[in-house]
Amino acid sequence: MRRTLRTCLHPLLILGCLLATIPGTADAHDPEKRITMTLFGDGGDVLRPDRDTGGDYVWYLGLDAGLTYSRFQDGPIYYLIPHPYVPEIPWFGNANEGSGIGYAVGATIDFPLSDMFGIVLKGSYHTRAGSFKETLEVGTPWFSERSVVDNRTDMTLDYLSFDLLGRINFGDTPFYGLVGVSYSSLSSNSVELEQTILEPDNMFYYEDAGGSIINMLRSGTTDGEIREFLDSRTDLKFGLGYWLALTGSLSLTPEVSVAIPLGDLIDSETVADGAIEQGLVNPDFNVITSFVTIGLRWHIR
């Protein structure tokens with residue numbers, strides 16, 4: 001009796017091992033996909049957003065963090081900022097062509113519509129930064145003669161943004177594309193100006209206390225805010241991403257995207273009278289920003 005039982009179990013074990021590696025039939029939402037079935041899981045394509053093999057709908061919730069690279073162009077803009085030594089006298093700065101690195105943090109919701117397409121919603125806080133350097137010949141009320149100055153401007157724009165994007169999977173690969181629109185609200189901006197007198201040698205900034213000159217300086221640094229920026233902006237956004245499975249319910253998603261402006265950065269109605277006509281402010285001054293982020297995507301049933 002025991003010998004007969006062992007004889008029956010032996011081929012059943014062999015059959016079980018074979019069944020563990022036989023390719024299963026295609027699932028209902030992708031007839032050409034072949035899923036390897038095992039005794040310990042239901043398979044599933046974890047490299048890209050999809051419904052699992054059991055027919056349950058899966059969507060994705062994620063967090064993202066990374067860097068921004070912003071390219072400012074189509075200047076110039078001249079701006080006034082508080083003087084570091086005599087606050088009642090405004091200092092002037094300028095920005096034209098420049099670039100800089102900022103950061104971005106946010107959250108993502110991804111809703112698959114099919115094996116090929118999905119809708120992606122993103123919310124983020126990000127900065128768009130730029131550094132500018134220009135040598136100018138100037139004549140102002142606080143210079144008795146024309147002088148040559150070196151202007152160095154560091155500008156940072158802080159945005160809260162919302163993206164509505166379409167996701168397109170590239171066949172059976174883990175790559176996907178993103179395209180859509182991004183709406184951003186300007187929460188704050190900051191500008192730091194460092195100005196140095198290069199010529200002539202006998203020109204100084206005067207620092208006084210109680211009417212007495214205590215310092216004769218050749219350079220100074222000050223900061224402030226530019227009021228002529230619009231409170232919001234809309235960009236066309238497109239990018240490329242990659243799904244990398246970490247576990248059966250968690251994926252890593254590196255993404256690269258570019259935001260191209262669909263509107264202005266400068267609010268022409270707030271610019272001082274005559275500034276645009278005199279070439280002191282170009283209303284086309286704007287910024288193109290690239291985003292390089294790494295995200296985590298949790299698979300939600």
Side-chain angles (χ1 to χ4, degrees), residues 12-69 102-126 160-180 182 237-259 290-301:
L12 287 175
L13 289 173
I14 296 176
L15 179 59
C17 293
L18 289 175
L19 288 175
T21 58
I22 293 175
T25 59
D27 58 13
H29 65 280
D30 192 348
E32 296 185 2
K33 186 187 300 180
R34 296 179 64 82
I35 305 298
T36 300
M37 303 299 292
T38 72
L39 293 179
F40 307 102
D42 61 354
D45 187 351
V46 296
L47 291 180
R48 59 176 185 158
D50 203 354
R51 304 175 195 268
D52 70 4
T53 57
D56 296 330
Y57 184 74
V58 179
W59 56 282
Y60 302 88
L61 180 64
L63 298 175
D64 301 279
L67 300 177
T68 64
Y69 174 76
Y103 66 90
V105 292
T108 296
I109 302 176
D110 186 313
F111 297 104
L113 301 179
S114 69
D115 291 344
M116 196 70 176
F117 301 103
I119 296 294
V120 178
L121 306 178
K122 289 179 177 286
S124 71
Y125 173 84
H126 69 268
L160 294 171
S161 67
F162 173 77
D163 300 349
L164 174 60
L165 308 171
R167 174 178 47 75
I168 305 172
N169 296 324
F170 296 150
D172 290 329
T173 74
F175 290 97
Y176 60 91
L178 296 170
V179 62
S182 175
K237 197 169 187 180
F238 60 91
L240 181 68
Y242 184 90
W243 284 83
L244 178 63
L246 299 179
T247 69
S249 60
L250 180 64
S251 297
L252 189 70
T253 54
E255 291 182 352
V256 178
S257 59
V258 178
S290 300
F291 296 77
V292 180
T293 61
I294 295 179
L296 290 173
R297 299 290 182 267
W298 283 270
H299 306 196
I300 311 297
R301 297 181 185 275

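Taking CG from Leu164 and CD1 from Ile119, the interatomic distance works out to 6.5 Å, rounded to the nearest 0.5 Å. A distance of 9.0 Å separates CG of Asn169 from CZ of Phe117, quoted to the nearest 0.5 Å. For the atom pair CZ (Phe238) and CD1 (Ile168), the distance works out to 12.5 Å, reported to the nearest 0.5 Å. Here the straight-line distance linking atom CG of Asp163 with atom CZ of Phe291 works out to 7.5 Å at 0.5 Å rounding. Remark: Asp110 CG to Ile300 CD1 distance equals 11.5 Å, nearest 0.5 Å. Summarising the geometry, atom OG belonging to Ser124 is positioned 8.0 Å from atom CG belonging to Leu160; distances are rounded to the nearest 0.5 Å.
Judged by distance alone, the side chain of Tyr60 and the main-chain N or O of Thr108 form no donor-acceptor pair under 3.5 Å.
Residues in residues 238-259 take part in these salt bridge (Lys or Arg N to Asp or Glu O under 4.0 Å) pairs, two or more places apart or across chains: Lys122-Glu255, Glu255-Arg297.
Minimum heavy-atom separation, Arg301 to Val58: NH1-CG2, 3.8 Å. Asp64 and Gly295 get closest at one heavy-atom pair: OD1-CA, 3.3 Å. The two atoms that bring Tyr242 and Pro174 nearest to each other are CE1-CG, 3.2 Å, heavy atoms only. Among all heavy-atom pairs drawn from Lys237 and Ser182, the shortest one is CD-CB, 4.2 Å.
Evaluation of the ring pair (Phe, Tyr, Trp, His ring centres under 6.0 Å) rule for Phe111 yields Trp59 as partners, not counting sequence neighbours.
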(Q) Would Tyr103 and His126 count as a ring pair (Phe, Tyr, Trp, His ring centres under 6.0 Å) here? Give the steps. (A) CA-CA 6 Å; Tyr103 66 90; His126 69 268; 9.3 Å; no
Take Leu296 and Leu252, measure what side-chain contact (heavy atoms from CB on, under 4.5 Å) needs, and give me the verdict at the end. CA-CA 5 Å; Leu296 290 173; Leu252 189 70; 3.7 Å; yes
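Considering only heavy atoms from C-beta on, Thr253 comes within 4.5 Å of Trp243 through its side chain. Contact annotation: the side chain of Leu63 approaches that of Trp298 to within less than 4.5 Å [non-hydrogen atoms, C-beta and beyond].
The environment of CD1 in Ile294 is sparse: at most 12 heavy-atom neighbours from other residues, nucleotides or ligands sit within 6.0 Å.
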